[in-house]
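One structure below.
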Amino acid sequence: MKVSEIARLVDAKVFCDCGEDTEIRCAFACDMMSDVLAFVKNQAVLITGLVNPQVIRTAEMMDIPCVIIVRGKEPTPLMLELAEDSGITVMNTKLRMFAVCGILYNQGLPADTGE
Amino acid sequence: MEDLHLEFTVVPDDFTRAGEVSGKVKKTLKDLGFPPLVVRRTAIAMYEAEINMVIHANGGKITVTINPDVITVVFADSGPGIPDIGLAMQEGWSTASEEIRDMGFGAGMGLPNIKKSSDYMDVQTELGVGTTITIKIFTNP
Ligand SMILES: Nc1ncnc2c1ncn2[C@@H]1O[C@H](COP(=O)(O)OP(=O)(O)OP(=O)(O)O)[C@@H](O)[C@H]1O
Ligand SMILES: [Mg+2]
């Protein structure tokens with residue numbers, strides 16, 4: 001599923017566009033960056049309600065190409081600066097985490113199984 | 001290629017900058033052409049250890065030695081030390097505060113994840129003196 005398609009499906013506003021055509025194969029939803037670091041194995045899209053620079057750093061280390069911030073929270077300027085540097089797309093949506101997961105799952109985006 | 005030595009200082013109490021060193025080293029390894037998995041494993045282990053230095057100790061020093069066959073990273077801090085390393089290595093064991101958890105860390109996954117992401121891990125720690133962690137990642141598995 002393309003990043004642009006994800007943005008359309010969850011009605012997201014894209015702040016830092018680092019490749020609308022990037023192909024996403026799976027997703028991981030979590031507010032604990034510790035768990036993202038321990039469980040994500042593939043280049044998943046990260047769905048999170050956490051807003052701080054470590055969200056982008058975590059994505060950077062994990063080769064996560066796209067971060068979706070839920071519940072209408074706004075990314076900070078430092079987050080966008082870091083995302084720009086690392087080529088990570090950042091978007092936000094007013095939807096809550098469960099809704100975002102449900103919509104993307106329904107449209108065929110699977111979970112990152114950690115394998 | 002000769003061994004490449006890099007040294008960094010991790011500043012204490014600046015959560016927003018935690019991860020800067022790991023990010024820099026990741027870019028260097030990528031530019032040097034190491035395989036993506038080697039780059040990612042090094043980055044994950046480094047980032048976990050760097051975050052630990054900021055939240056559990058008062059910053060410290062990171063030394064990276066890059067050789068075509070092996071990447072060695074030493075994290076040295078003069079923080080409080082780890083009372084029971086056997087316990088600390090267990091998944092889920094953490095002394096992190098509520099404040100740290102609110103920032104997305106403190107699940108007790110870091111040390112086990114460093115071990116999983118690297119090929120060798122050694123922890124030397126003494127209460128009131130500090131902690132030194134050495135990791136190695138072999139580049140041709
Ligand atoms: N450099 C250090 N100095 C002192 N204590 C440390 C250090 N690194 C880890 N510890 C101790 O070991 C515990 C376990 O560390 P670990 O990295 O596994 O989990 P965490 O940092 O608490 O949470 P997470 O890594 O999941 O965000 C910490 O809670 C802390 O008590
Ligand atoms: Mg940790």
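Below, read A as the first sequence line, B as the second, and so on, with proteins coming before strands; counting in each chain starts at 1.
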Most chain B-contacting option - heavy-atom pairs closer than 4.5 Å, from A:S34, A:P53, A:C30, A:S86: A:S34
Heavy-atom pairs under 4.5 Å with chain A - which of B:G110, B:P112, B:S22 has more of them than the others? B:S22
Could you tell me whether a side-chain N or O of B:R41 sits under 3.5 Å from a main-chain N or O of B:S117, the two making a donor and an acceptor? yes
side-chain contact (heavy atoms from CB on, under 4.5 Å) evaluation trace for A:Q54 with B:Y47: CA-CA 10 Å; A:Q54 298 312 329; B:Y47 183 56; 2.6 Å; yes
Check: B:D84 side chain, B:G86 main-chain N or O, donor-acceptor pair, under 3.5 Å: yes
A:D63, part contacting chain B, at a heavy-atom distance under 4.5 Å: both
Count the heavy-atom pairs under 4.5 Å between each of B:M109, B:E48, B:K26 and chain A, then report the option with the highest count. B:K26
Report the option among A:L78, A:V55, A:T58, A:V51 that has the most heavy-atom pairs separated by less than 4.5 Å from atoms of chain B. A:T58
Non-hydrogen side-chain atoms of A:T48 and A:V36 separated by less than 4.5 Å: no
Winner by heavy-atom pair count (cut-off under 4.5 Å) against chain A, out of B:E91, B:R101, B:K116, B:R17: B:R17
Proximity breakdown for A:L50 and chain B, heavy-atom pairs closer than 4.5 Å: side chain
Apply the test side-chain contact (heavy atoms from CB on, under 4.5 Å) to residues A:C18 and A:T89: give CA-CA distance (whole Å), side-chain angles for both, the deciding distance (0.1 Å), then the verdict. CA-CA 5 Å; A:C18 299; A:T89 299; 3.8 Å; yes
Best-contacting candidate, B:K27, B:M46, B:R40, against chain A by heavy atom pairs under 4.5 angstrom: B:R40
Mark yes or no for whether A:D112, through its side chain, and A:V40, through its backbone, hold a donor-acceptor pair below 3.5 Å. no
